[in-house]
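These notes are about the structure you will find just below.
Because the structure is predicted, anything quoted here is derived from the model rather than measured.
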Amino acid sequence: MTSQADRIRASMENQVNDLMADVASEFFEEVVETTPVQSGRLRQGWRMKRGAVNTSIPKLRKGKYRKPRTPKIAPPTPGADNAIYVSNGVPYIVEANSGNADRAPTRFIQAALARVLAKFQ
């Protein structure tokens, strides 16, 4: 039999996990949308995964890259790394974010995060 304290704790953990997933999904959508596009490879490089950084890189190719869809986030696993990682393994992501790449606004990743966090305050 579970105590009231256990039920409250479980409810709070579920709420925190739901909020983490909501914030991560909103950030993923925002950063993908605001990533500067020349070929589309940088935008296509965004990944989101619970428990691990996904640094896969879209292959170089001619033609158009598709804008990534927001992936479904796996449910939390007790005792595991339940952080949600949003990452981009494209080699020039740091250069693009610093404004050194053509047409890239400076610190577009931080700006996207700030906009998302403001929505949740």
Side-chain angles (χ1 to χ4, degrees):
M1 192 150 101
T2 58
S3 69
Q4 183 176 3
D6 289 337
R7 288 191 302 274
I8 291 171
R9 181 183 52 76
S11 174
M12 289 176 68
E13 285 176 1
N14 288 338
Q15 290 176 7
V16 168
N17 285 324
D18 290 346
L19 181 59
M20 279 178 34
D22 289 348
V23 171
S25 294
E26 286 278 333
F27 173 64
F28 182 86
E29 291 172 7
E30 182 73 19
V31 78
V32 165
E33 191 62 38
T34 60
T35 296
V37 177
Q38 283 185 358
S39 69
R41 185 176 187 220
L42 188 64
R43 182 177 277 179
Q44 184 69 37
W46 288 107
R47 304 286 188 266
M48 181 171 62
K49 186 175 181 183
R50 183 184 297 277
V53 175
N54 182 341
T55 57
S56 62
I57 303 170
K59 294 182 180 178
L60 285 172
R61 62 187 173 118
K62 292 183 179 180
K64 298 282 183 178
Y65 289 90
R66 292 189 335 247
K67 184 167 80 172
R69 294 184 186 163
T70 305
K72 293 187 180 194
I73 301 171
T77 305
D81 178 3
N82 285 306
I84 300 168
Y85 297 92
V86 176
S87 57
N88 192 320
V90 174
Y92 50 88
I93 184 68
V94 173
E95 182 181 28
N97 190 54
S98 67
N100 292 332
D102 292 342
R103 298 189 313 214
T106 303
R107 299 171 52 98
F108 67 90
I109 297 170
Q110 291 86 338
L113 182 60
R115 286 188 296 274
V116 169
L117 292 177
K119 291 179 185 179
F120 285 91
Q121 290 183 349

To the nearest 0.5 Å, what is the distance between [atom1] on [X] and [atom2] on [Y]?
{"X": "Asp6", "Y": "Ser11", "atom1": "CG", "atom2": "OG", "value": "12.5 Å"}
{"X": "Asn82", "Y": "Thr77", "atom1": "CG", "atom2": "OG1", "value": "5.5 Å"}
{"X": "Ile109", "Y": "Thr34", "atom1": "CD1", "atom2": "OG1", "value": "8.5 Å"}
{"X": "Asn17", "Y": "Ile73", "atom1": "CG", "atom2": "CD1", "value": "10.5 Å"}

Can you sort out the partners of Thr55 under side chain to side chain contact (heavy atoms under 4.5 Å, CB included), two or more places apart, ordered by chain and number?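 Residues passing side chain to side chain contact (heavy atoms under 4.5 Å, CB included) with Thr55: Val53.
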[X] and [Y]: which non-hydrogen atoms are nearest, and at how many Å?
{"X": "Ser87", "Y": "Asn54", "answer": "OG-O, 2.7 Å"}
{"X": "Glu30", "Y": "Ala112", "answer": "CG-CB, 3.6 Å"}
{"X": "Met48", "Y": "Ala24", "answer": "SD-O, 3.5 Å"}
{"X": "Pro58", "Y": "Val90", "answer": "CD-CG2, 3.9 Å"}

For atom CZ of Arg7, is the number of surrounding heavy atoms from other residues, nucleotides or ligands below 6.0 Å larger than 12?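 Yes.
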Does atom CZ of Arg115 have more than 12 heavy-atom neighbours, drawn from other residues, nucleotides or ligands, at distances under 6.0 Å?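 Result for CZ/Arg115: enclosed.
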Identify whether Ile84 and Phe120 are in the same connected component of the hydrophobic contact network (ILVMFWY, side-chain heavy atoms under 4.5 Å).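 Both belong to a single hydrophobic cluster.
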Can Val23 be reached from Tyr85 by stepping across I, L, V, M, F, W or Y side chains whose heavy atoms are under 4.5 Å apart?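 The answer is no; the residues belong to distinct hydrophobic clusters.
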Side chain to side chain, Pro71 and Lys49, heavy atoms closer than 4.5 Å: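 No, their side chains stay 4.5 Å or more apart.
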Are Thr70 and Trp46 side-chain neighbours, meaning at least one heavy-atom pair lies under 4.5 Å?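 Result no, sub-4.5 Å side-chain heavy-atom pair not found.
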I'd like to know whether Asn97 forms a side-chain contact (heavy atoms from CB on, under 4.5 Å) with Gln110, so could you lay out the CA-CA distance, the side-chain angles of the two residues, the decisive distance to 0.1 Å, and finally the verdict. CA-CA 9 Å; Asn97 190 54; Gln110 291 86 338; 2.9 Å; yes
Under the criterion side-chain contact (heavy atoms from CB on, under 4.5 Å), I'd like the reasoning laid out for Asn88 against Val31: C-alpha separation, chi angles, the key distance, then a yes or no. CA-CA 10 Å; Asn88 192 320; Val31 78; over 6 Å; no
Pairing of Lys67 and Glu33 as salt bridge, 4.0 angstrom limit: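 The answer is yes: the pair qualifies as a salt bridge.
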Using the rule given for side-chain contact (heavy atoms from CB on, under 4.5 Å), can you reason through Val116 versus Phe28, listing the C-alpha separation, both sets of side-chain angles and the distance that settles it, and then say yes or no? CA-CA 10 Å; Val116 169; Phe28 182 86; over 6 Å; no
Does Asp22 offer a backbone N or O that forms a donor-acceptor pair with the side chain of Ser25 under 3.5 Å?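 Looks like no, no N/O pair under 3.5 Å.
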Val37 backbone acceptor or donor facing Arg43 side chain under 3.5 Å: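 Between the backbone of Val37 and the side chain of Arg43 there is no qualifying donor-acceptor contact (under 3.5 Å).
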Chi angles and distances behind the side-chain contact (heavy atoms from CB on, under 4.5 Å) call for Arg41, Tyr92: CA-CA 10 Å; Arg41 185 176 187 220; Tyr92 50 88; 3.6 Å; yes
